[in-house]
Amino acid sequence: DGPLDVPAFKAALHDIVVRHPALRSTISEDGSTQSFHPSPKAIDLMEHDFATPNDDPDAPSSALPLGLLKMAESSTPFDLTHGPLLRLHLVRLSTKRHELIFTAHHIICDGWSFGMIIAELGTAYNARKKGHLPMLLPAMSFADYARHEAATKDSEEKTSAEAFWITKFAEAAPVLEIPTDRPRPQVQSYHGAMESITLDADRYERLKKAAPKLGGTMFATLLSSFATLLHRLSSQEDIVIGVPAAGQTRIGRDELIGHCLNFLPLRLRPTSSVPFNTFASEVKEQVLEAYDHQNYTFGSLLQKIQVNRDSGRVPLVSVIFNIDKTGADHVVFDDLNIDIATNPKQFVNFDLFFNLVQTDDKLVVECEYNTDLHDASTIQGWLAAYEQLIESEINAPDLALGSLEIVGGGQHKKLLQQWNATEAPITTPASIHRTIEAQVDLTPDAIALHSSPKSLTYREVAESRHA
């Protein structure tokens, strides 16, 4: 929101694409090579004007084409071989409101990279608006990162990490079985959607104050809450949750843009009788231990361990948890207010992906899910249960996982009172024998009386009465 300097913004976008070769790369047909192409002379930016005559940015005539454009972007596949793997659309909704739709293939831009792009874009825009070149420190190229990884593939650190993870899964991990609304297809589908909630503001503030006493860190507390939810849904006490780890932080090059992501398969043991704060402390130690051994890829681990293979799901890890700190609330665009929102994917790799977007003022819980398995209403219910678990943990951190309240007040009333309000007036004559005779006409062979080992149907009861 605000008076956007479009030429300065386009120049800033061009600066970012020139600065990071991964954003102008393609992949060979066999997937073995990533090629980095020369910098373009100008940014490939599609511009759209959906503004109304009265300059109302919220007008339905603006919202409809914007929504259609976003849907098209999230459902249009990339051509990995020919590119581009980055698509940019700038939409004008009014004189003082614009939206940038940023769509990148994950193979060139992970979550950490996106946060860095936003920060650098702000710096570049502010400089270009003043007529200056942006002053950004030199960035590591993705090619240099790849060479670094190749040079350290046989290091002692990697050997130690391999031994750590193989030991973790020396005993095969069970498959996570959470309830589904439909049977799982024999071959995995990737149809997806997303539901989200924003944590109640007061609850979020109380959570930030309580987290150090619950799990020691916000990440450990919220991951423990997610594991508790999965435990309550599945009744399983051995659960593997994938946690993304940014390779940029491991090598100390935060400015690196590309796909440097690795999944850490955390094997957690939520038990109904264990207090939440005890479990959260165990999770914190597991997280720290996993990050100390993150220099070993998930794909390498799958080749080394015994794992159940099922064409209907991803091996070993079917659910993902992540906290996304884009830092957007700290990024400055001169004379502009910015907000970042996820454009929901139409295709997903995992059964569930809980992605929590955290700023100083709010916590948004996004859940990507496979639509062939789950209905939107089911996911909405699980998100509500997740928020209620957080509330329960704040109020009673030493309560056992199996005793934490998982249903909120309004939902509790609906489940136990409204949906159980089965009273109905009796329209038949108020005598037992006439009621039984009426039931004989409706369900003559249904069981009317049972006393082990003998049972009588309604027909048999009626016949015995007349015998």
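This structure is a prediction, so every number in the text was calculated from the model and none was measured.
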Check your understanding: Stepwise, does the side-chain contact (heavy atoms from CB on, under 4.5 Å) test hold for R87 with T76?
Key -> CA-CA 10 Å; R87 297 194 296 259; T76 301; 3.7 Å; yes

Quick check against the 3.5 Å criterion: does [X] have a side-chain atom that pairs as donor or acceptor with the backbone of [Y]?
X	Y	answer
S62	F50	yes
S281	N277	yes
D335	P3	no
S311	Q186	yes
Q236	E177	yes
S235	H231	no
S318	V314	no
N308	P174	no
S28	T33	yes
N262	Q294	yes

Practice item. Using side chain to side chain contact (heavy atoms under 4.5 Å, CB included) as the criterion, point out the one residue from F321, F219, F226 that pairs with L356. Key: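 Going through F321, F219, F226 one by one, the side chain to side chain contact (heavy atoms under 4.5 Å, CB included) with L356 is satisfied by F321 alone.
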
Review point. When you look at L23 and I117, which way does the side-chain contact (heavy atoms from CB on, under 4.5 Å) test go after all the steps?
Key: CA-CA 11 Å; L23 299 179; I117 287 171; 4.2 Å; yes

Can you tell if the side chain of [X] reaches within under 4.5 Å of the side chain of [Y], non-hydrogen atoms only?
X	Y	value
I108	Q34	yes
L363	L222	yes
F9	L100	yes
E120	H20	yes
R250	N295	yes
F354	V319	no
D310	V175	no
L301	L316	yes

Which pair of heavy atoms, one from [X] and one from [Y], lies closest together, and at what distance?
X	Y	value
K362	T198	CB-CG2, 4.4 Å
A227	P270	O-CG, 4.1 Å
D372	R182	O-NE, 3.3 Å
A124	D15	CB-OD2, 4.0 Å
S225	L389	O-CD1, 3.9 Å
F142	C260	CE1-SG, 3.8 Å

Practice item. Under the salt bridge (charged side-chain N to carboxylate O under 4.0 Å, His left out) rule, what do D5 and R128 come out as? Steps first, then yes or no, please. Key: CA-CA 9 Å; D5 185 331; R128 288 293 184 177; over 6 Å; no

**Study point:** Polar contact flag, side-chain donor to acceptor under 3.5 angstrom, Q346-S74
**Key:**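 Side-chain D/A pair, Q346 to S74: present.
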
Using the ring of each side chain (for Trp, its six-membered ring), is [X] parallel, tilted or perpendicular to [Y], with breaks at 30° and 60°?
X	Y	value
F298	F263	perpendicular
W165	F169	parallel
H148	Y145	parallel
F347	H191	tilted

Review point. Cation over ring, K129 on Y125, under 6.0 Å and within 45°?
Key: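 Here K129 fails the 6.0 Å and 45° test against Y125.
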
Mind checking the [atom1]-[atom2] spacing from [X] to [Y]? Nearest 0.5 Å is all I need.
X	Y	atom1	atom2	answer
L401	E393	CG	CD	8.0 Å
E195	S377	CD	OG	9.0 Å
K10	D44	NZ	CG	10.5 Å
W382	I379	CH2	CD1	5.0 Å
L268	I239	CG	CD1	7.5 Å
Q358	D360	CD	CG	8.0 Å

Review point. Can the ring centres of F164 and Y296 be said to be less than 6.0 Å apart?
Key: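 Ring centres of Y296 and F164 not closer than 6.0 Å.
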
Point to revise | Qualifying residue, where the test is side chain to side chain donor-acceptor pair (under 3.5 Å) with T103 and the options are H89, E73, K70 | key: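 The residue from H89, E73, K70 that satisfies side chain to side chain donor-acceptor pair (under 3.5 Å) with T103 turns out to be E73.
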
Point to revise | Trace of the salt bridge (charged side-chain N to carboxylate O under 4.0 Å, His left out) decision for R253 with D144 | key: CA-CA 11 Å; R253 297 304 298 262; D144 287 340; over 6 Å; no

Taking [X] first and then [Y], would you say they form a salt bridge - that is, a charged N and a carboxylate O separated by under 4.0 Å?
X	Y	answer
E366	K345	no
E282	R269	no
D202	R206	yes
R184	D351	yes
D1	K96	no

Review point. Under the side-chain hydrogen bond (donor to acceptor under 3.5 Å, both in side chains) criterion, do D30 and S32 qualify, and how do the steps go?
Key: CA-CA 6 Å; D30 63 1; S32 64; 2.7 Å; yes

**Study point:** Check against side-chain contact (heavy atoms from CB on, under 4.5 Å), I178 and H374
**Key:** CA-CA 10 Å; I178 56 177; H374 306 293; 4.2 Å; yes

Exercise for review: Please say whether more than 12 non-hydrogen atoms of neighbouring residues, nucleotides or ligands are located less than 6.0 Å from NZ in K213.
Suggested key: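 No.
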
Point to revise | Residue pair L256, W112: steps toward the side-chain contact (heavy atoms from CB on, under 4.5 Å) verdict | key: CA-CA 9 Å; L256 172 62; W112 180 276; over 6 Å; no

